[in-house]
Amino acid sequence: MNRLSLSILLVEDHLAIARQVLDFLDGLGWQTDHAGTGALAVQLATRNPYDVVLLDLNLPDIDGLQVCRAIKAGAPSNVPVLMLTARDAYEDKARGFRDGADDYLTKPFDLREVALRCVALARRQQLHVHQETRVGPFTLQTREGRALYRDAPLPLTQTGFKILLLLCREHPHAVSRSALLQALWGSQPPDSDALKSHIYALRKQLELLGAAGVLVTIPQLGYRLAFDAAASDG
């Protein structure tokens with residue numbers, strides 16, 4: 001992946017910082033686009049496929065968190081977002097991850113580290129491109145972010161889809177709460193109720209399709225999928 005040319009969207013209104021980052025990434029042979037406003041960032045990210053979006057939070061027109069949510073909701077693929085910001089408080093980082101950030105780096109930063117993180121995010125994303133996961137009655141199309149239960153569409157949030165994908169890949173084994181938190185939010189997870197809320201919403205969607213009891217709670221550990229009739233939702 002290091003030797004491939006990544007496609008990067010840099011969202012940064014400070015022209016001196018933007019020029020520095022763009023020059024460095026261009027020197028790596030990467031393809032770069034630049035947006036100085038949130039509106040332009042959303043327009044570009046929802047029209048073009050990027051490997052990574054580098055997003056500053058302090059933008060002149062739209063708060064970067066709102067931009068992140070819009071990109072995650074409308075981008076043609078689940079593009080990773082690396083937030084680059086001077087907001088270094090824990091609460092800011094937690095809010096960033098809750099609103100869809102895949103990674104978070106505070107200013108000032110080393111451009112070499114930015115590149116390393118871009119490569120890691122793009123590599124992680126490429127592992128799921130053009131793949132389809134089939135487990136029991138579930139079919140998950142990772143590129144489209146589409147889930148089916150017995151060939152019926154299963155409408156999920158992006159986080160719900162990620163949870164189900166992790167459970168399918170680990171089936172028949174359980175996935176611990178800590179593993180889910182790390183996979184979903186990295187090293188800065190939100191409060192403990194966030195995961196419970198997403199699990200609850202996923203269960204409700206499964207129940208609507210007649211799949212009550214498929215998502216099982218393992219006390220003191222986490223969750224797993226069970227496809228037998230005797231499964232309980234814990």
Side-chain angles (χ1 to χ4, degrees), residues 1 7 45-53 68-81 97-103 120-186 189-190 194-218 221-234:
M1 178 65 69
S7 177
T46 53
R47 291 183 180 179
N48 305 307
Y50 293 103
D51 293 306
V52 179
V53 173
C68 184
R69 292 194 298 270
I71 289 175
K72 287 292 186 175
S77 62
N78 184 20
V79 59
V81 174
F97 283 114
R98 280 198 298 268
D99 284 356
D102 297 274
D103 201 354
L121 288 170
R123 180 186 293 120
R124 187 187 310 164
Q125 181 67 9
Q126 285 297 318
L127 291 175
H128 308 310
V129 173
H130 302 303
Q131 290 187 1
E132 182 175 271
T133 299
R134 291 178 178 269
V135 176
F138 292 107
T139 301
L140 283 83
Q141 299 164 341
T142 51
R143 180 173 176 80
E144 296 84 359
R146 183 166 178 253
L148 304 173
Y149 178 79
R150 301 194 188 283
D151 297 324
L154 180 57
L156 298 175
T157 64
Q158 188 173 91
T159 300
F161 181 87
K162 290 179 179 178
I163 291 172
L164 184 58
L165 183 60
L166 287 167
L167 292 170
C168 284
R169 286 178 171 165
E170 293 299 320
H171 177 75
H173 305 293
V175 180
S176 68
R177 286 179 49 80
S178 60
L180 284 168
L181 290 169
Q182 176 65 33
L184 294 171
W185 294 292
L195 179 58
K196 292 180 182 178
S197 297
H198 286 295
I199 292 290
Y200 176 82
L202 177 56
R203 279 201 174 113
K204 287 299 181 183
Q205 289 294 337
L206 291 171
E207 289 172 5
L208 290 175
L209 292 180
V214 168
L215 177 49
V216 177
T217 299
I218 308 298
L221 177 57
Y223 307 92
R224 71 177 180 89
L225 297 176
F227 305 129
D228 55 280
S232 165
D233 66 4

Legend entry - All side chain to side chain donor-acceptor pair (under 3.5 Å) counterparts of Thr159, not counting sequence neighbours: none
Inset, instruction - Name all residues meeting the salt bridge (charged side-chain N to carboxylate O under 4.0 Å, His left out) criterion together with Arg69; count only those two or more places apart in sequence or in a different chain, and write none if there are none. - result: Asp99
Inset, instruction - Quick one: pull up CG in Leu215 and CD1 in Ile163 and give me the separation to the nearest 0.5 Å. - result: 8.5 Å
Legend entry - Separation of Gln141 CD from Thr139 OG1 (nearest 0.5 Å): 7.0 Å
Inset, instruction - Using the side-chain contact (heavy atoms from CB on, under 4.5 Å) rule, pick out the option among Leu148, Leu225, Thr133 that qualifies with Phe138. - result: Leu225
Legend entry - Residues Asp51, Arg123: salt bridge by 4.0 Å N-O rule: no
Inset, instruction - Mind jotting down which residue pairs meet the side-chain hydrogen bond (donor to acceptor under 3.5 Å, both in side chains) criterion with at least one end in residues 147-157? Sequence neighbours excluded, please. - result: none
Inset, instruction - Please name all residues satisfying side chain to side chain contact (heavy atoms under 4.5 Å, CB included) with Ile218, sequence neighbours left out, ordered by chain then number. - result: Ala174, Val216, Leu221, Arg224
Inset, instruction - To the nearest 0.5 Å, tell me how far His171 NE2 sits from Leu164 CG. - result: 11.5 Å
Legend entry - Residue list, side chain to side chain contact (heavy atoms under 4.5 Å, CB included) with Ala201, at least two apart or on another chain: none
Inset, instruction - Determine yes or no for a side-chain-to-main-chain donor-acceptor pair under 3.5 angstrom, with Lys72 supplying the side chain and Val79 the backbone. - result: yes
Legend entry - Atom pair OG/CG of Ser197 and Leu202 - distance to nearest 0.5 Å: 12.5 Å
Inset, instruction - List in chain and number order the residues that pass side chain to side chain contact (heavy atoms under 4.5 Å, CB included) with Gln205, two or more places apart in sequence or in another chain; answer none if no residue qualifies. - result: Leu154, Pro155, Leu156, Leu208
